[in-house]
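Heads up: the structure comes next, in structure tokens.
Values below: all heavy atoms of this structure, side chains included; hydrogens, waters and symmetry mates excluded.
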Amino acid sequence: MTITQEQIAEARDRVPLAFQAPLPVRLRRYALWTFFVALFCWCLYDFNFSPARIWEGLARFGTVASFMFPPYIWTSWAEFSEILNGLGETLAIAFLGTVLGAVFAFPLSFLGAKNVNRLNWLRLSTRRGYDVIRAFETLILALIFIRAFGLGPLAGILAIAVSEIGTFAKLFSEAIENTSNKPVEGVKASGGSRLQQIRYGIAPQVNPVIMSILLYNFESNVRSGTILGIVGAGGIGFLLSDRIAAYKWGEAWSIIFLIIAMVYVIDWLSGLIRQRLIGKTELAK
């Protein structure tokens, strides 16, 4: 059906707000866009962002990148085993940190869920505790734990674990709050206790979401473990930092390539685990 200009004009007269926002609303939008554009331009100016500086930086980056080719190929098992040990150490740091964080965050998440914890003061104070923990970046925690426990993987594990307690507790509690109450009512109607309502009514709904969160954060923590190694928390990052400091760019590029390959393999395995434990969906393919 063809809409005539007369019908459009009639509709515009009948519902003018559907065609154009009121003047105060438009003025607020223009003011907000002007503020954001001005703030963006001021940040670029304050940080000395200029095409000449970017071009100069790209030229220096090209020089550094040229030092990385051809990549270094380890000819002795002693050298390569050191790199493999660093990769394994990074995986162990990420795995243990993720598991420890999840173990402590899981019970705390129920204290922060509105449909489980009815005490407002306890729930809100628990949620503020999540925020306090999440306020500390993993790298800052690593520096603190290195000072307390010394160099090595233990500081990296504790840094990831503490950081993930706040992240996991927040995400888990939000997943718990988004569950349906009907299974809980069914367990309650059959005489189930409060613990049984959580075990049989809430847990089956939230477990796939929790598993997905754990897998995703484990992938992220593998990358974080690389950064933590640079500051002395163990792992492949320490070896990478050492090669860069010694200007061994060929070895540095080879280590970076191995890190990329490791992250890719972990992502592929995580997808397989999601399909097997959570179910094969279009998003998991």
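- Here Ser212 contributes atom OG and Ile273 contributes atom CD1; the two are 11.5 Å apart, rounded to the nearest 0.5 Å.
- Closest approach of Gly156 and Ile93 over heavy atoms only: C-CG2, 3.7 Å.
- Taking NZ of Lys170 as the reference point, atom OG1 of Thr167 lies at 9.5 Å (rounded to 0.5 Å).
- Minimum heavy-atom separation, Ala169 to Ser109: O-CB, 3.6 Å.
- Looking at every heavy atom in both residues, Phe168 comes nearest to Ala105 through CB-CB, 3.4 Å.
- Both Ile255 and Val263 are members of a single hydrophobic cluster when ILVMFWY side chains are connected at heavy-atom separations under 4.5 Å.
- Under a 3.5 Å cut-off, the side chain of Asn207 and the backbone N or O of Ala203 do form a donor-acceptor pair.
- Salt bridge Glu219/Arg223: absent, no basic N to carboxylate O contact under 4.0 Å.
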- side-chain contact (heavy atoms from CB on, under 4.5 Å) between Phe238 and Leu151: does it pass, once the steps are laid out? CA-CA 10 Å; Phe238 177 78; Leu151 298 172; over 6 Å; no
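- A donor-acceptor contact shorter than 3.5 Å is absent between the side chain of Ser241 and the backbone of Gly237.
- Residue pairs satisfying the ring-ring contact (aromatic ring centres under 6.0 Å, His included) criterion with at least one member in residues 89-116, sequence neighbours excluded, are listed as follows: Phe106-Phe110.
- Formation of a donor-acceptor pair under 3.5 Å by the Glu89 side chain with backbone atoms of Gly235 is found in this model.
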- Task: Please assess Arg53 against Asn48 for the test side-chain contact (heavy atoms from CB on, under 4.5 Å), listing each intermediate value before the final yes or no.
- Result: CA-CA 8 Å; Arg53 185 180 181 188; Asn48 194 21; 3.4 Å; yes
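- Here the side chains of Val231 and Leu143 are in contact, with some heavy-atom distance below 4.5 Å.
- Among all heavy-atom pairs drawn from Ile266 and Phe218, the shortest one is CG2-CE2, 3.8 Å.
- Connectivity analysis of hydrophobic side chains (ILVMFWY, heavy atoms under 4.5 Å, direct or indirect) links Phe40 to Leu44, Phe49, Ile54, Leu58.
- Within the 3.5 Å criterion, the main-chain N or O of Gly112 finds a donor-acceptor partner in the side chain of Arg127.
- Phe136 and Ile157 fall into different hydrophobic clusters, where Ile, Leu, Val, Met, Phe, Trp and Tyr residues are linked whenever their side-chain heavy atoms come under 4.5 Å apart, directly or through other members.
- Taking both residues in full, the closest heavy atoms of Leu228 and Leu139 are given as CD2-CA, 4.0 Å, listed atom of the first, atom of the second, then distance.
- Donor-acceptor pairing under 3.5 Å is lacking for the side chains of Thr98 and Asn217.
- Linking Ile, Leu, Val, Met, Phe, Trp and Tyr residues whenever their side-chain heavy atoms come within less than 4.5 Å places Trp253 and Leu87 in a single cluster.
- When every heavy atom of Ala252 is checked against every heavy atom of Ile244, the shortest pair comes out as CB-CG1, 4.0 Å.
- Look at Glu82 and Arg243 and you find a salt bridge, because one of the NZ, NE, NH1 or NH2 atoms lies within 4.0 Å of a carboxylate O, short of that distance.
- Counting heavy atoms from C-beta outward, Cys41 and Val37 have side chains that approach closer than 4.5 Å.
- Separation of atoms OG1 (Thr90) and CD1 (Ile227) is listed at 10.5 Å; rounding is to 0.5 Å.
- Ile165 and Leu100 fall into different hydrophobic clusters, where Ile, Leu, Val, Met, Phe, Trp and Tyr residues are linked whenever their side-chain heavy atoms come under 4.5 Å apart, directly or through other members.
- Separation of atoms OG1 (Thr34) and CG (Leu39) is listed at 12.5 Å; rounding is to 0.5 Å.
- Side-chain atoms of Asn221 and Glu164, non-hydrogen and from C-beta on, do get closer than 4.5 Å to each other.
- Between Ser163 and Thr138, the side chains place a donor N or O and an acceptor N or O closer than 3.5 Å (distance only, hydrogens not considered).
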- I would like to know whether Leu158 and Leu141 meet side-chain contact (heavy atoms from CB on, under 4.5 Å); could you show each step before the answer? CA-CA 8 Å; Leu158 293 176; Leu141 292 172; over 6 Å; no
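- Residue Glu251 holds its CD atom at 7.0 Å from CD1 of Ile83, rounded to the nearest 0.5 Å.
- Ser220 OG to Leu215 CG: the interatomic distance, rounded to the nearest 0.5 Å, is 12.5 Å.
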- Task: Could you check Val222 against Met262 for side-chain contact (heavy atoms from CB on, under 4.5 Å), going step by step and ending with a plain yes or no?
- Result: CA-CA 9 Å; Val222 171; Met262 179 179 66; 3.6 Å; yes
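- Leu108 places a side-chain heavy atom less than 4.5 Å from the side chain of Tyr130.
- By the rule that hydrophobic residues join a cluster once side-chain heavy atoms approach within less than 4.5 Å of another member, Tyr30 and Trp33 end up as members of separate clusters.
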